Amino acid sequence: MAEDLQIVKGNKVEQYQNLIPQIKGLLTGEPDLIANLANITAALKEQFGWFWIGFYIVKNDELVLGPFQGPVACTRIKKGRGVCGTSWAKAETLIVPDVEQFPGHIACSSLSKSEIVVPLIKEGIVWGVLDVDSSTLDQFDATDKLYLEDILALIEY
Ligand code: SME
């Protein structure tokens, strides 16, 4: 049984460095992918309080909504569409400081202002993405990219 998450205040680096060992602990010994993706979104939501945090998983050549925290969202995204589909097509993390400036951005909510999407890659193939939306402009930077990529590297698929 998982303990309560220990939440810290402080700068972003301190918050990630406190959170990552706890996420490792949550994932250790649990082979179920959905359970692990669900706990990762919950842990990130508790620590950072971002507007929307969730996974999309590649199924039949589309991204399909997976475990998430936040308001209801678009269920399917095609390759190359929106920030998520572009991150999938490029197999790279995308930081979008202002979603209105991203051509083709898919607005699941008008409250989302900035976004980071990190691909889940195994043996060179993208099998999903983590999408994080903020209601604040310019929320995400290279620190988020670094630590979110570290967190995704903990997932066994
Ligand atoms: N904004 C994303 C779509 C997913 S929602 O934000 C949850 C995009 O442009 O891909």
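Because the structure is predicted, anything quoted here is derived from the model rather than measured. Atoms within each ligand, like the ligands themselves, are counted from 1 in listed order. All values below were derived from every heavy atom in this structure, side-chain atoms included, with hydrogens, water molecules and symmetry-related copies excluded.
Of the listed residues (D133, V132, D131), just one forms a side-chain contact (heavy atoms from CB on, under 4.5 Å) with S112, and that residue is D133.
At least one donor-acceptor pair under 3.5 Å links the side chain of S87 to the backbone N or O of E92. Looking at K45, its side chain does come within 3.5 Å of a backbone N or O of W50 through a donor-acceptor pair. A donor-acceptor pair is defined here as one N or O able to donate and one able to accept, closer than 3.5 Å; such a pair exists between the side chain of N36 and the backbone of E30. Judged by distance alone, with hydrogens and angles left aside, the side-chain atoms of Q139 form no donor-acceptor pair with the main-chain N or O of E115 at under 3.5 Å. Side-chain N or O atoms of K122 include one that pairs as donor or acceptor with a backbone N or O of Y157 at under 3.5 Å. The backbone N or O of N11 lies less than 3.5 Å from a partner atom in the side chain of E14, making a donor-acceptor pair.
If you look at C108 next to ligand 1, the close heavy atoms, those under 4.0 Å, all belong to the side chain. Only the side chain of Y56 comes within 4.0 Å of ligand 1, counting heavy atoms alone; its backbone N, CA, C and O stay farther away. Under 4.0 Å from ligand 1, heavy atoms of V83 appear from its side chain as well as its backbone. Here D131 has side-chain heavy atoms under 4.0 Å from ligand 1, and that is the only part of it that gets that close.
The protein atom (non-hydrogen) at minimum distance from atom 6 (O) of ligand 1 is D133 OD2, 2.8 Å. Of all protein heavy atoms, the one closest to atom 1 (N) of ligand 1 is I106 O, 2.7 Å.
Backbone and side-chain nitrogen or oxygen atoms of E115 are examined, and one is located within less than 3.5 angstrom of a nitrogen or oxygen of ligand 1. Considering backbone and side-chain N/O atoms, A107 never comes within less than 3.5 Å of an N/O atom of ligand 1. At under 3.5 Å, not a single nitrogen or oxygen of R81, backbone or side chain, sits near a nitrogen or oxygen of ligand 1. For the pair W52 and ligand 1, the shortest N or O to N or O distance does not fall below 3.5 Å.
Between the side chains of E62 and Y56, no donor N or O sits under 3.5 Å from an acceptor N or O.
Atoms of ligand 1 found under 4.0 Å from any heavy atom of H105 (numbered from 1 in listed order, with element): 1 (N), 9 (O). Taking a cut-off of under 4.0 Å to the non-hydrogen atoms of C84, the atoms of ligand 1 that pass are 8 (C), 10 (O).
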